[in-house]
Structures are given as structure tokens and as C-alpha cells.
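One structure is given here, and the rest of the page talks about it.
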Amino acid sequence: LGVGLEGVAIAERATQLAFSYAKERKQGRSLNSSTDSMSPIIAHPDVQRMLLTMRAETDVSRALCFLTAAAIDRSRLEETLEKRQIAAENAALLTPVAKAYSTDMGIEVASLGIQVHGGMGFIESTGAAQHLRDARIASIYEGTNGIQAIDLVTRKLPLSGGRAVSRHIAFLREILKNAPPDQNAGSLLVRAGEAIDSLEIATDWINKNSKDRTDEVLASADRYLKLFALATGAAALIKSAFAENSPKTRQQKIAIARFYAEQRAVDAPSLCRAVIEGASAVKFAAAVFED
């Protein structure tokens, strides 16, 4: 969890720096500009996409870590032994996801920060390149992220005979069920629902094949962990947005949740196919290139 939070911290700093630079740096003229002068690069759609990706992935990574931390607290503080046990299993399930996804996104967000800076991203005085160097190690130590993924599929999914992950998926569905309608939400709930459906399908496949097709399950572990994070992250952003009381902040959070669902979580069905159908391709290709 501590390493995952390092990924969050670096991603947050890289995001802040990129937003600040994009508001000041002028280059080209935006399509909506009413003058002939150059526009701040934040007015260009592709830069907006990169910045929103940075913000959304940082928020999702933070949410994953906070969900993990809350589960750890509940495993110690819940009133009954049964509730403490359930919380402990939830913490165990979430920990490899929080560590791996948050550090992977620390790398991706820092890399996008360099892209937003353009050539200035390689100038040491901006600090953008330092973020990427700092982020890159986190996916390696405290258990490489590939090991975290293997831990998830081999040790954490079987907890309580699979009931731990089933409870988690039910928790995600409950978030969507309780989300009120909002005219600005677009297809937020639909795409988040598809991501959760994909997670459930992939989970069932892994649970059914973990003993007889172990090598394929291990080969798909990384894809599964990312799918798990996408579905959980989309639901977490929805929960956070609709719990917000400030109208302005609420709309900002809905906007980020919608962006994540429609731009990032849409990868979930493809990841599900990669888990179920693509693992055998790893086995086949590895055998071809053995020599």
C-alpha cells in the first residue's frame, strides 16, 4: 500500500505540473479562438485528453489505495470477528491491485506529463523528466507488478472459496445501483456496468481454470489485474462523485468519472477477451521462441 501511494503521489505532482504548464505555454491557435494570436496548449483537444487522462488515472489510483486502507482499518476495528474477517479478506484482495495499478499509472501519468511539456519535458529545470525516473522503480520493488498480479489470481481470488471477490463485485454493482440520474453523466453508468460485467466473466473463467490450466491463468494475470482496477476504479469515481455536496465539485467529479468510464474503462471487454482467449497465445508464442 505504501508503494502504491508513492505512485499516486508522483502522478499527482506530475498532473499538477502539466496542468500549470499547459495553461501558460502558448502554441498554435485553437479551433475556437476568436483572435489570430496563439492559444494556451490546454485549449487543444489532444492536450485536454492527455491532461484528463492524468487526472482520472491519478484519482482512480488514489481511490484504490484509499479503499485498501479503509479495508485494513476495518479489519482491526469492526465490532465482530466476522466483519473483521470479511474486511481482512477485502484488504488482501485489494492490496496487489492498489500496489500494481497505482505504480503502473504513476509511470504512465509521468510519461504523459513529459508529452504535455513537449521538448521542455526533457529540460531538467521543469521537473517533468524527474517524475518519470522516480516513478519507474515503484513497479519493480516490493514485489514486481507481475508478481502482484500472480498473487491476485492464485492466492486472493480463492479466498473463502471465491466469496471475497464475489462480495467485491456485488459491492461495485451496488454503487451503480445507488447512483442517481444526472443529465451530464452520459453513458457513465452503462460503461462502468460493462466493465463490472467483464470483470465477473473473467473472474469466473480464472476460478474454473486455475487448477487445470494454471499456466494460462498465470499468463493472463496482468491483464486480469488491470481489468479488476478498471472496474473498481470506475465504480469508485462514481461513488465519490455522487457523495459530493458542493455542486461545482460534484460536476467536476462526474466529468472525470464519465471521462474515465468512456475513455479508459471501455478497454474492459477487450481485457476480458485477453484473459480468456489470449493466454493460450502466450503459451504458444513462448514455445515457438524457446530456442
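In this text, all values refer to a predicted model and were calculated from it rather than measured experimentally.
The backbone N or O of Gly7 lies less than 3.5 Å from no partner atom in the side chain of Thr103, so there is not a single donor-acceptor pair. Between the Asn90 side chain and the Ile86 main chain, no donor and acceptor come within less than 3.5 Å of each other. With hydrogens and angles disregarded, no donor-acceptor distance shorter than 3.5 Å links the side chain of Ser20 to the backbone of Leu17. In terms of modelled atom types and a separation under 3.5 Å, the side chain of Gln48 and the main chain of Ile42 share a donor-acceptor contact. Side-chain atoms of Asn178 come within 3.5 Å of backbone atoms of Glu174 as a donor-acceptor pair (strictly under, hydrogens ignored).
Looking at every heavy atom in both residues, Asp182 comes nearest to Asn184 through OD1-N, 2.8 Å. Taking both residues in full, the closest heavy atoms of Ala98 and Thr68 are given as CB-OG1, 3.5 Å, listed atom of the first, atom of the second, then distance. The two residues Ala261 and Leu188 make their nearest non-hydrogen contact at CB-CD1, 3.5 Å. Nearest approach of Ala229 to Val60, heavy atoms of both residues: O-CG1, 4.4 Å. Shortest non-hydrogen contact noted between Glu124 and Ala129 is OE2-CB, 4.3 Å. Counting all heavy atoms, side chain and backbone alike, Ala265 lies closest to Ala195 at O-CB, 4.2 Å.
Distance check, rounded to the nearest 0.5 Å: CD of Glu24 to OH of Tyr21 gives 9.0 Å. Annotation: the span from Thr126 atom OG1 to Ile114 atom CD1 amounts to 8.0 Å, rounded to 0.5 Å. Met105 contributes atom CE, which lies 9.0 Å from atom OG of Ser102 (distance to the nearest 0.5 angstrom). Ile256 contributes atom CD1, which lies 12.5 Å from atom CD of Gln251 (distance to the nearest 0.5 angstrom). Atom CG of residue Leu52 and atom CG of residue Leu112 lie 11.0 Å apart, to the nearest 0.5 angstrom. Between the CG atom of Leu51 and the CZ atom of Phe19 there is a distance of 4.5 Å, given to the nearest 0.5 Å.
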Does the side chain to side chain contact (heavy atoms under 4.5 Å, CB included) test come out yes or no for Ile196 and Glu200, once each step is laid out? CA-CA 6 Å; Ile196 297 170; Glu200 186 168 38; 5.7 Å; no
May I have the step-by-step check of side chain to side chain contact (heavy atoms under 4.5 Å, CB included) for Lys26 and Ile41, ending in yes or no? CA-CA 6 Å; Lys26 293 184 177 181; Ile41 62 173; over 6 Å; no
Any chance you could lay out the side chain to side chain contact (heavy atoms under 4.5 Å, CB included) test for Leu172 and Leu199, step after step, and finish with the verdict? CA-CA 11 Å; Leu172 301 182; Leu199 174 62; 4.1 Å; yes
Test side chain to side chain contact (heavy atoms under 4.5 Å, CB included) applied to Trp205 and Val275, step by step: CA-CA 8 Å; Trp205 183 87; Val275 169; 3.9 Å; yes
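Applying the salt bridge (Lys or Arg N to Asp or Glu O under 4.0 Å) definition to pairs two or more places apart or across chains, those involving residues 1-15 are Glu12-Arg55, Glu12-Arg62. Annotation: side-chain hydrogen bond (donor to acceptor under 3.5 Å, both in side chains) contacts involving residues 110-120, sequence neighbours excluded, are absent. Sorted by first and then second residue, the salt bridge (Lys or Arg N to Asp or Glu O under 4.0 Å) pairs involving residues 97-109 (not counting sequence neighbours) are Glu108-Arg264. For the side-chain hydrogen bond (donor to acceptor under 3.5 Å, both in side chains) condition, the pairs that include at least one residue of residues 72-87, sequence neighbours left out, are Gln85-Glu89. Residues in residues 187-199 take part in these side-chain hydrogen bond (donor to acceptor under 3.5 Å, both in side chains) pairs, two or more places apart or across chains: Arg173-Asp197, Ser187-Glu262, Arg191-Glu194. Within the structure, ring pair (Phe, Tyr, Trp, His ring centres under 6.0 Å) pairs that include any residue of residues 63-93 do not occur (at least two apart or interchain).
Applying the side chain to side chain contact (heavy atoms under 4.5 Å, CB included) criterion to Asp212, with sequence neighbours excluded, gives no partner residue. Judged as a salt bridge (charged side-chain N to carboxylate O under 4.0 Å, His left out), and not counting sequence neighbours, Glu142 has no contacts. Evaluation of the ring-ring contact (aromatic ring centres under 6.0 Å, His included) rule for Phe242 yields no partner, not counting sequence neighbours.
At least one side-chain heavy atom of Lys156 sits under 4.5 Å from a side-chain heavy atom of Pro96. Put simply, the side chain of Cys65 reaches to within 4.5 Å of the side chain of Leu1, judged on heavy atoms. Proximity of Thr154 to Thr214: side-chain heavy atoms (C-beta onward) are nowhere separated by under 4.5 Å.
No path of Ile, Leu, Val, Met, Phe, Trp and Tyr side chains, each step under 4.5 Å between heavy atoms, connects Leu159 with Ile169, placing them in separate hydrophobic clusters. Residues Met54 and Leu5 fall into different hydrophobic clusters, defined by Ile, Leu, Val, Met, Phe, Trp and Tyr side chains chained together at heavy-atom separations under 4.5 Å. Cluster membership for Ile201 and Ile206, using ILVMFWY side-chain heavy atoms within less than 4.5 angstrom, is shared. There is a path of hydrophobic side-chain contacts, each under 4.5 Å, that joins Tyr260 to Leu64. A single hydrophobic cluster is seen to contain both Ile276 and Val153, as judged by linkage of ILVMFWY side chains at heavy-atom distances under 4.5 Å, directly or through other members.
Each of Ile10, Leu132, Asp134 was compared with Ile107 under the side-chain contact (heavy atoms from CB on, under 4.5 Å) criterion, and only Leu132 meets it.
Inspection of the Tyr101 and Glu57 side chains reveals an N or O donor paired with an N or O acceptor under 3.5 Å.
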N/O donor-acceptor pairs under 3.5 Å from side chains in residues 219-227, not counting sequence neighbours:
from   : atom 1 : to     : atom 2 : distance (Å)
Ser220 : OG     : Glu216 : O      : 3.3
Ser220 : OG     : Val217 : O      : 2.9
Tyr224 : OH     : Thr203 : OG1    : 2.6

Report, one line per pair, each donor and acceptor closer than 3.5 Å where one atom sits in a side chain of residues 230-240; sequence neighbours left out.
from   : atom 1 : to     : atom 2 : distance (Å)
Thr232 : OG1    : His168 : NE2    : 2.9
Thr232 : OG1    : Phe228 : O      : 2.8
Ser240 : OG     : Lys253 : NZ     : 3.1

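Grouped with Ile140 in one hydrophobic cluster are Val3, Ile137, Tyr141, the linkage being side-chain heavy-atom contacts under 4.5 Å among Ile, Leu, Val, Met, Phe, Trp and Tyr residues.
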